[in-house]
Amino acid sequence: MQIDATAPSTRAWGDPLALLLASTGEGVFGIDLDGLCVFINHAGARMIGFEPDELLGCNMHDLTHHSHADGAHYPVEDCPIFKAFLEGLPCRIDSEVFWRRDGSSFPVEYSSHPIIDGGAVRGAVVTFVDITERKRAADALQRAKDELEERVGERTLALATALKQVRELAARSEAVREEERTRIAREVHDELGSLLVALKMDVNWLDKRLSEQEQRTLEAAGDMRSRMRCKCQNMSRLIENAVDNVGRIITDLRPSILDHQGLWAALEWQAQEFVQSAEMSLNWCMDVDDVPDPPEPLAMGVFRIFQEMLSNVGRHARARRLDVRIVVQAGVLTLAVQDDGVGAPAQAFEAADAYGVMGMRERARHFGGDIRITSAPGQGTLMHLSIELPVGDPE
């Protein structure tokens, strides 16, 4: 008979179980009913810092499973390994530690399977693996999850706060618009209404006197004509007042100078009007280098922001001098308003009820701009708008 030289040697496979125990990376050991080590492979012994021969006959619970991760004593009667073969049931645990020869511990996943012979439990086989890296990765993942949840919570809170501020700003804007409508309605009723009523009464008076004119003597008719001329002059003054009131109301709604002379002239006019009414001195500096006016929506936005800046000065600053600087450089408009008033802490401009500042910032952000406010008690306030002007023909 011819022997195949390529066939494996029977002696090389003489002890398959020993080969399996030697080749696996998991620790494997067997214990009897007293918990004494019957066998252990090299991987298991190496993980707890021993040589296999040193562990034979040793109590494995007392040697490597004697304490919890926090160092508290681990009674053998509570050990799942021994419970497993006492009850004849397998177990799998991944929440405990094994201890090394040098007193250090490592997280471990282990399983215990009872050995049953003739219907009786004779011991157990325990397999275990060091899960330090797995635990480290799980801890890192949990930390990342916790950080993500914290950041999501912060963003959610910030978003909720922002939405609340937007709602409050919208409500405040609507209230301001309603107040403005009420003011305009009152002006129309109280001033224009009274002027029109007076004019109507004068017209009725003229109509009545004219109808009676033929019945008067020549001398009385001449005297009445003089009185009617005076009445017409008074009516002319009333009409002039009505025209002035209409012009003021229109200017409040939308300054005509913005349409007729452009943004730059409108800004200077508004500043002059403000310091005159507020009895303040003005240091005015504008350098726009013949820059054309920006498109109408942006021009109106800048003008309204400037109005709100001046309004803040008038309401809160108690200032005597106002410095205004307007510059266009490299396509960027900067508008700075500084007063010498009482100033305020920085948090006052970030308060939830600082609707004027919120409105300015929202209007600036709408056009891609930014508003910075620098102030301190007793040091006045600087409000600074920076906004990029569109390139090309604004028309």
Side-chain angles (χ1 to χ4, degrees), residues 173-282 284 286 292-293 295-297 299-315 319-322 324 395:
S173 298
E174 183 59 33
V176 168
R177 282 195 293 269
E178 193 58 40
E179 290 172 4
E180 190 66 11
R181 294 188 191 106
T182 303
R183 182 186 67 81
I184 293 171
R186 187 180 299 116
E187 287 190 12
V188 171
H189 177 271
D190 294 348
E191 298 188 30
L192 288 179
S194 62
L195 288 172
L196 291 173
V197 168
L199 283 170
K200 181 182 178 184
M201 292 175 64
D202 286 345
V203 168
N204 290 338
W205 185 89
L206 284 173
D207 179 64
K208 184 176 180 181
R209 296 303 176 269
L210 284 171
S211 65
E212 298 170 349
Q213 191 71 345
E214 293 180 356
Q215 304 170 11
R216 294 188 176 90
T217 63
L218 188 61
E219 183 180 351
D223 181 60
M224 182 54 65
R225 280 195 296 272
S226 296
R227 292 178 62 189
M228 285 190 292
R229 226 178 355 256
C230 290
K231 183 66 70 174
C232 287
Q233 292 170 357
N234 183 62
M235 291 171 64
S236 178
R237 285 192 295 271
L238 291 176
I239 292 171
E240 288 177 0
N241 289 337
V243 170
D244 290 341
N245 285 331
V246 169
R248 189 181 69 255
I249 293 171
I250 291 174
T251 298
D252 287 344
L253 292 173
R254 179 184 175 89
S256 59
I257 190 174
L258 193 62
D259 295 320
H260 298 152
Q261 299 185 40
L263 175 63
W264 315 128
L267 292 173
E268 185 171 4
W269 168 82
Q270 185 65 64
Q272 296 292 348
E273 286 284 312
F274 173 77
V275 295
Q276 183 178 354
S277 63
E279 298 182 340
M280 297 171 59
S281 63
L282 173 64
W284 175 264
M286 183 164 65
D293 280 358
E296 189 274 337
M300 178 56 73
V302 172
F303 184 79
R304 293 304 187 196
I305 290 172
F306 185 57
Q307 280 186 317
E308 185 60 37
M309 288 178 173
L310 297 181
S311 177
N312 275 325
V313 173
R315 288 197 307 268
R320 292 171 297 177
R321 189 185 74 253
L322 187 69
V324 178
E395 300 299 329

Stepwise, does the side chain to side chain contact (heavy atoms under 4.5 Å, CB included) test hold for Cys232 with Leu206? CA-CA 9 Å; Cys232 287; Leu206 284 173; 4.0 Å; yes

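- One finds the CZ atom of Arg229 at 12.5 Å from the CE atom of Met224 (value rounded to the nearest 0.5 Å).
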Working for side chain to side chain contact (heavy atoms under 4.5 Å, CB included), residues Lys231 and Arg227: CA-CA 6 Å; Lys231 183 66 70 174; Arg227 292 178 62 189; over 6 Å; no

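- Panel note: side chain Asp293, backbone Leu263; a donor-acceptor pair is recorded below 3.5 Å.
- In terms of heavy atoms, Arg321 sits closest to Ser281 at CG-OG, 3.2 Å.
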Apply side chain to side chain contact (heavy atoms under 4.5 Å, CB included) to residues Gln307 and Phe274 and explain how you reach the verdict. CA-CA 9 Å; Gln307 280 186 317; Phe274 173 77; over 6 Å; no

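- In this structure, OG on Ser236 lies 9.5 Å from CG on Leu199, to the nearest 0.5 angstrom.
- In this structure, the separation between CG on Asp202 and CE on Met228 is 13.0 Å, given to the nearest 0.5 Å.
- Under the 30°/60° scheme for interplanar angles, the aromatic rings of Trp269 and Phe303 are found to lie parallel.
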CA sep, side-chain torsions, deciding dist, call: Leu310, Val275, side chain to side chain contact (heavy atoms under 4.5 Å, CB included): CA-CA 9 Å; Leu310 297 181; Val275 295; over 6 Å; no

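- Nearest heavy-atom pair, Phe306 versus Val324, reported as atom, atom and distance to 0.1 Å: CE1-CG1, 4.0 Å.
- Every salt bridge (Lys or Arg N to Asp or Glu O under 4.0 Å) that Glu308 has, sequence neighbours left out, goes to Arg315.
- Side chain of Ser277 to main chain of Glu273: a donor-acceptor pair is present (N/O by atom type, distance under 3.5 Å, no hydrogens or angles).
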